[in-house]
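Structure, as structure tokens:
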2 protein chains.
Amino acid sequence: MGRPSVQDQRRQEVLDAFMTCVATYGVEGATLEKIAAEAGLKRPLIRHHLGNREAMVLALGNHIAETLNQQSALLRESLGNPPSTRALIEVLFSTDHASDPRTNICYQSLSNSVALYPDLRQPLLSAMETLYQVAVDIVRAGHPTADAKICETVAHGIINLYVTTDAFVPLNPPESWASNSFLAAIRLAETLGAES
Amino acid sequence: MGRPSVQDQRRQEVLDAFMTCVATYGVEGATLEKIAAEAGLKRPLIRHHLGNREAMVLALGNHIAETLNQQSALLRESLGNPPSTRALIEVLFSTDHASDPRTNICYQSLSNSVALYPDLRQPLLSAMETLYQVAVDIVRAGHPTADAKICETVAHGIINLYVTTDAFVPLNPPESWASNSFLAAIRLAETLGAES
DNA sequence: CGTTTGGCTGTCCACATTGACAGAAAATTT
DNA sequence: AAATTTTCTGTCAATGTGGACAGCCAAACG
């Protein structure tokens with residue numbers, strides 16, 4: 001049968017190194033050499049596992065989207081039954097929640113590259129839709145009597161406030177930026193009245 | 001006296017072309033040739049006007065920060081006396097307000113490059129602080145009796161919701177994403193009660 | 001032990017990009 | 001018209017980057 005294949009594992013490792021490089025140097029700044037150094041491999045192996053540059057970028061886009069989808073699923077499960085909007089906000093903004101900080105930075109970088117790699121759009125868009133949907137479901141569960149459209153607005157607002165906070169991380173802003181987003185999300189949730 | 005200098009104007013044109021390229025290709029993807037093509041000049045002239053790559057990036061960072069500061073000042077003036085929070089939100093989210101869409105994309109790209117160009121951090125950070133401050137002042141003017149800390153939270157929330165909306169523009173999301181952010185900002189503002 | 005299968009390395013070429021310089025062309029003043 | 005200053009062009013070398021290939025090495029199986 002020959003040597004057993006570790007291709008799947010290697011592919012994950014290379015993808016992870018690519019993710020680190022994109023987060024640090026941007027999509028166009030993540031060269032094969034930097035990725036190879038990060039992965040501890042030789043440059044030709046990167047190509048062997050992920051294909052040419054375009055294939056690499058699309059693979060990363062799908063990987064990021066998949067990661068976000070898993071986080072959405074986790075979020076849905078980790079909140080008690082019935083889930084509370086307050087708990088959603090606290091999980092999103094808790095520092096120990098600590099979703100991999102590279103994920104959101106890569107998401108941003110890839111978003112800005114959609115014009116160059118159009119196939120990125122679909123997975124990135126639907127990953128975000130999924131996250132929105134989880135938030136909407138949680139908010140509606142916590143406020144069954146509230147208007148559906150209003151719940152949607154509040155849920156989107158909470159997620160967007162969270163996203164902004166993450167987007168500013170590379171700037172290392174004062175702590176107040178994050179706490180103001182957190183407090184704003186709380187206030188927004190409270191417009192729905194007490195939870196059931 | 002010799003030929004008259006058009007250096008200042010050329011510098012602005014080159015900076016503008018650089019901005020377009022960064023918005024399209026990212027910081028590392030904006031090569032001198034692409035910038036030259038965009039500016040309608042020959043490559044060596046780019047270097048002549050903006051210096052080497054690092055100087056170019058820092059110049060763009062300062063230019064973006066300056067642009068944002070001007071927009072902040074404009075925002076402060078364009079709102080009536082007394083300014084209303086509602087008007088602030090409507091101006092921010094109005095499509096015809098149409099601040100140059102490249103500005104926010106460049107801001108994001110540059111933010112993600114702070115690790116490589118540390119001198120970018122200061123101007124980007126204080127431009128955002130300025131924008132926050134304008135929003136805080138407007139909200140406080142509209143709600144003179146409200147608690148100062150709460151006004152700060154609401155103002156930051158409004159700005160952050162606006163920022164997120166702009167950040168998603170490259171993904172060309174469904175129109176509902178923007179309208180939900182807008183409605184969330186309105187709801188958030190309403191938590192302060194009626195305006196004076 | 002040999003074969004087979006797959007992972008890994010070394011090396012090559014083509015091309016893009018940056019950085020630098022010398023010199024031509026243009027415009028204004030004297 | 002001549003001189004001067006600035007703008008612009010052409011070209012070179014050095015380096016970085018992507019893409020491709022041939023061949024070696026390691027591990028499992030018969």
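Chain A is the first sequence line, chain B the second, and so forth, proteins listed ahead of strands; every chain is numbered from 1. On a predicted model such as this, the values are computed, not experimentally measured, just so you know. Atoms considered below: every heavy atom in the structure, side chains included; atoms not considered: hydrogens, waters and symmetry mates.
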Between dG6(C) (P) and Q9(A) (CD): distance, integer Å | 17 Å
Between R10(B) and dC8(D), does any side-chain N or O lie under 4.0 Å from OP1 or OP2?
-> yes
What pairs with N62(B) under side chain to side chain donor-acceptor pair (under 3.5 Å), at least two apart in sequence or on another chain?
-> none
Just checking R53(A): base, sugar-phosphate only, or nothing, at a heavy-atom cut-off of under 4.0 Å?
-> sugar-phosphate
Of the residues in residues 24-39 of chain B, which ones touch DNA chain C at a heavy-atom distance under 4.0 Å?
-> T31(B), L32(B)
Describe the nucleic acid contact of R43(B) in one word from base, sugar-phosphate, nothing, applying a heavy-atom distance below 4.0 Å.
-> base
To the nearest angstrom, the CZ-C1' distance between F18(A) and dT17(D) comes to 14 Å
Nearest-angstrom distance from the residue atom CG of L50(A) to C1' of dG18(D) = 14 Å
Euclidean distance, atom CD1 of residue I46(A) to atom P of dG19(D) [Å, nearest integer] | 13 Å
Interatomic distance, H48(A) NE2 vs dC25(D) C1' [rounded to whole Å] | 14 Å
Applying side chain to side chain donor-acceptor pair (under 3.5 Å), name anything that partners R10(A), two or more places apart in sequence or on another chain.
-> E13(A)
SB check E38(A) K34(A) (cutoff 4.0 Å) = no
Got a sec, which residues hit side chain to side chain donor-acceptor pair (under 3.5 Å) with R43(B), two or more places apart in sequence or on another chain?
-> none
Let me check something: any side-chain donor-acceptor pairs from residues 144-152 of chain B under 3.5 Å, sequence neighbours excluded? List them with distances.
| residue | atom | partner | partner atom | Å |
| --- | --- | --- | --- | --- |
| D147(B) | OD2 | K149(B) | N | 3.1 |
| D147(B) | OD2 | I150(B) | N | 3.2 |
| K149(B) | NZ | N180(A) | OD1 | 3.2 |
| E152(B) | OE2 | N180(A) | ND2 | 2.9 |

If you check every side-chain atom of L45(A), which of dC8(C), dT9(D), dC21(D) has the closest atom?
-> dC8(C)
Consider only side-chain N and O atoms of Q133(B) and D137(B), and report whether a donor and an acceptor are under 3.5 Å apart.
-> yes
Atom pair distance, as rounded to whole Å: NZ in K42(A) and P in dG23(D) | 21 Å
Would you mind reading off the distance between H49(B) atom NE2 and dT6(D) atom C1', rounded to a whole angstrom?
-> 10 Å
Options dC8(C), dT7(D), dG10(D), nucleotide nearest the side-chain atoms of P44(B) | dG10(D)
Report the residues that fulfil side chain to side chain donor-acceptor pair (under 3.5 Å) with T165(B), sequence neighbours left out, ordered by chain and then residue number.
-> S181(B)
Separation of atom CG in L41(A) from atom C1' in dC8(C), rounded to whole Å = 9 Å
